[in-house]
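Just so it is clear, the model here is predicted, and its values are computed rather than measured. Computed over heavy atoms, backbone and side chain alike; hydrogens, waters and symmetry mates excluded. Every chain is numbered from 1 and lettered A, B, ... according to where its sequence line falls, protein lines coming before strand lines.
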Protein chains: 2
Amino acid sequence: MDDVAIDREQAVRPRRGRPPVSDRQRQRQRLDISRHAVRLFAEHGVAATSGEQIARAAGVSERTLWRYFRSKESCVEPLLANAIDAFRAVLRAWPAELELTEHLRAAYTPVLDSASDADLEAVLAVVRMTRDEPALRAAYLMLRERSEDTFAEVLAERSGAAPDSVEIRVQAAAMSAVLKVATDHLAHVTAAGITSETLRRHREDVAAAVELVIRGLSDNT
Amino acid sequence: MDDVAIDREQAVRPRRGRPPVSDRQRQRQRLDISRHAVRLFAEHGVAATSGEQIARAAGVSERTLWRYFRSKESCVEPLLANAIDAFRAVLRAWPAELELTEHLRAAYTPVLDSASDADLEAVLAVVRMTRDEPALRAAYLMLRERSEDTFAEVLAERSGAAPDSVEIRVQAAAMSAVLKVATDHLAHVTAAGITSETLRRHREDVAAAVELVIRGLSDNT
DNA sequence: ACTTTACCGGCAGCCACTGCCAATAAAGCT
DNA sequence: AGCTTTATTGGCAGTGGCTGCCGGTAAAGT
């Protein structure tokens with residue numbers, strides 16, 4: 001009765017050897033390394049931080065570091081991805097009866113749900129670094145683009161259009177672009193410190209701009 | 001009387017040694033290398049193409065190759081930048097009395113002005129490759145973001161707002177996002193060959209989407 | 001205990017990329 | 001025409017990011 005639940009993949013069927021590390025734990029490990037990497041990047045710069053240093057700081061061998069990350073710069077991904085996921089989660093929770101602006105104003109806060117303020121500070125530090133570190137900027141832009149898929153799913157569900165239609169893709173990309181500009185701005189104005197006022201203003205900016213973009217694009221044809 | 005004209009830089013003052021290569025010629029050289037690199041990337045993939053191969057194909061030493069490009073993937077930049085510049089030029093030529101949609105419909109053609117059709121084919125090939133080559137995608141996204149500055153200048157001049165204001169940045173980024181999606185789509189549908197019908201449709205898509213984005217965002221406040 | 005499966009660390013090596021230096025090209029001056 | 005000056009080029013050695021490979025070990029089942 002317990003190994004009958006063969007739904008997909010290899011199901012629960014009793015396996016033989018050592019079980020693979022759970023995705024949960026793997027992501028924890030990646031996030032931990034990410035925090036160390038970002039700190040080192042901020043302290044000494046990306047070029048002056050070696051993979052060996054990151055590995056030592058995180059308490060793993062260099063070999064395993066390269067198993068967890070394909071490049072030095074991609075070490076910042078887990079932290080940034082968490083921040084972006086926070087917005088994706090808010091978007092998914094968008095109730096049908098509400099205008100998007102209202103929902104964002106009520107639910108969107110750039111402080112990560114389960115993470116500490118230190119992570120938010122680190123994320124903004126990375127965004128600030130992307131100004132002078134092209135490799136970091138590239139990694140950041142790649143992450144932002146990946147999030148467009150989720151945006152497209154939600155927007156498609158709302159409008160009834162296909163998630164991979166050009167119209168939906170355009171809306172998702174435009175929304176992502178708005179978030180990028182707003183986040184860059186937030187990173188810039190918080191260089192001297194984060195205040196609740198700047199965060200409030202950021203939420204307001206995002207809510208207003210996203211609404212305008214989506215309204216403009218969905219009034220189509 | 002002839003070395004008095006010190007306005008800025010070194011002016012016209014008769015210099016002594018070998019003159020530096022003109023930017024014109026340097027860009028020609030970069031473009032030439034770029035064509036070879038893209039061809040090799042398309043034939044064997046990025047990973048299987050070495051810097052030495054690119055250098056040999058372009059007829060320069062490997063050392064000078066690295067002087068012209070900071071990374072292997074950035075060898076695609078000149079070709080892509082030309083294509084993006086074509087749109088920037090169209091945008092700059094936007095006459096005051098015309099709606100943006102009308103202007104784009106009339107003036108925008110993704111065929112490069114002074115370059116051959118082979119270059120357009122190569123550009124679309126690169127965009128197609130970015131689907132499976134993350135490094136190329138990253139380079140592509142970086143170029144697109146750089147073009148946002150020019151977009152912002154033009155849009156700022158139109159609306160009277162500052163080019164680095166959040167509103168203008170949002171418009172420029174959204175416009176860039178629209179172009180990105182439309183270009184990805186064009187690259188996808190032209191995989192089997194370019195027809196004038198697909199190009200016409202592309203122009204139509206871009207004109208319509210850009211207009212909607214800008215209209216939505218500039219009706220602000 | 002024994003087998004099986006998966007993660008981990010060390011080692012050797014490839015290659016992208018850089019610093020350094022000698023060689024050469026292209027200009028002006030005498 | 002030589003000499004001087006400045007800039008580009010190419011070779012060569014070295015660094016470091018990153019990978020393939022392999023043996024050791026952990027965690028499961030039998």
Side-chain angles (χ1 to χ4, degrees), chain A residues 2-3 9-30 32-33 36-37 40-41 44-77 133-136 138-139, chain B residues 2-3 9-30 32-33 36-37 40-41 44-77 133-136 138-139:
Chain A
D2 42 77
D3 64 334
E9 290 166 337
Q10 59 266 44
V12 198
R13 182 149 14 105
R15 306 242 352 237
R16 276 288 304 235
R18 170 183 186 168
V21 173
S22 70
D23 285 0
R24 212 37 158 221
Q25 191 157 353
R26 186 180 172 81
Q27 286 192 358
R28 290 246 173 228
Q29 178 81 299
R30 279 173 55 90
D32 182 58
I33 296 175
H36 287 285
L40 290 172
F41 286 165
H44 314 113
V46 177
T49 303
S50 69
E52 188 193 353
Q53 285 175 307
I54 300 174
R56 257 194 290 112
V60 296
S61 79
E62 199 180 340
R63 189 61 188 84
T64 36
L65 173 67
W66 300 130
R67 269 201 262 282
Y68 275 82
F69 296 95
R70 29 198 158 76
S71 69
K72 193 168 69 170
E73 301 79 29
S74 66
C75 288
V76 304
E77 282 181 7
E133 301 272 6
L136 290 191
Chain B
D2 43 76
D3 64 334
E9 291 165 337
Q10 58 267 45
V12 199
R13 179 154 14 112
R15 303 239 354 225
R16 275 288 304 234
R18 170 184 187 168
V21 176
S22 69
D23 285 0
R24 210 49 157 210
Q25 191 159 351
R26 186 180 171 82
Q27 286 193 359
R28 290 242 175 234
Q29 178 80 301
R30 279 174 56 91
D32 183 58
I33 296 176
H36 287 285
L40 290 172
F41 286 166
H44 314 113
V46 177
T49 302
S50 69
E52 188 194 351
Q53 285 176 305
I54 299 174
R56 258 195 289 114
V60 296
S61 79
E62 198 179 342
R63 188 62 188 85
T64 39
L65 174 66
W66 300 130
R67 267 199 264 274
Y68 275 81
F69 296 96
R70 4 180 188 95
S71 70
K72 192 168 70 169
E73 302 78 29
S74 65
C75 289
V76 304
E77 282 180 8
E133 301 273 5
L136 290 191

The side chain of V21(B) lies closest to which of these nucleotides: dT8(D), dC12(D), dC11(C)? dT8(D)
With a 4.5 Å heavy-atom cut-off, do F41(B) and H36(B) have their side chains touching? no
Whole-Å gap separating P (dG10(D)) and CZ (R63(B)): 11 Å
Between dG10(D), dA16(C), dC21(D), spot the one nearest the side chain of R67(B), thanks. dG10(D)
For the side chain of R16(A), counting heavy atoms from C-beta on, which of dT5(C), dT8(D), dA6(C) is nearest? dT5(C)
Side chains of L40(A) and H44(A), heavy atoms from C-beta outward: is any pair under 4.5 Å? yes
Given dC12(D), dG17(D), dC11(C), identify the nucleotide with an atom nearest to the side chain of W66(A). dG17(D)
Any donor-acceptor pair under 3.5 Å from S71(A) side chain to S74(A) backbone: yes
Under the 3.5 angstrom rule, does the side chain of S22(A) hit a backbone N or O of Q25(A) as a donor-acceptor pair? yes
Among residues 68-76 of chain B, which contact DNA chain D at a heavy-atom distance under 4.0 Å? Y68(B)
Between E62(A) and R67(A), is there a side-chain N and carboxylate O pair less than 4.0 Å apart? no
Numerically ordered, the residues 45-55 of chain B set in heavy-atom contact under 4.0 Å with DNA chain C is T49(B), S50(B), G51(B)
Non-hydrogen side-chain atoms of Y68(B) and R26(B) separated by less than 4.5 Å: yes
R26(B) atom CZ is separated from dA7(D) atom P, nearest whole Å, by 14 Å
Of all the choices, dC12(D), dA26(C), dC18(D), which nucleotide is nearest to the side chain of E62(A) once you look at every atom? dC18(D)
Ranking T64(B) and P19(B) by the position along DNA chain D of their nearest nucleotide, the one closer to 5' is P19(B)
Using modelled atom types and a 3.5 Å cut-off, is there a donor and acceptor pairing between side-chain atoms of Q53(B) and backbone atoms of S50(B)? yes
Which nucleotide wins on minimum distance to the side chain of S61(A), given the candidates dG19(C), dG10(C), dT4(C)? dG10(C)
Would the distance check show the side chain of T49(A) and the main-chain N or O of G45(A) forming a donor-acceptor pair, the cut-off being under 3.5 Å? yes
L65(A) atom CG is separated from dG16(D) atom P, nearest whole Å, by 16 Å
Given side chains that start at C-beta, do those of Q29(B) and V21(B) come closer than 4.5 Å, heavy atoms only? no
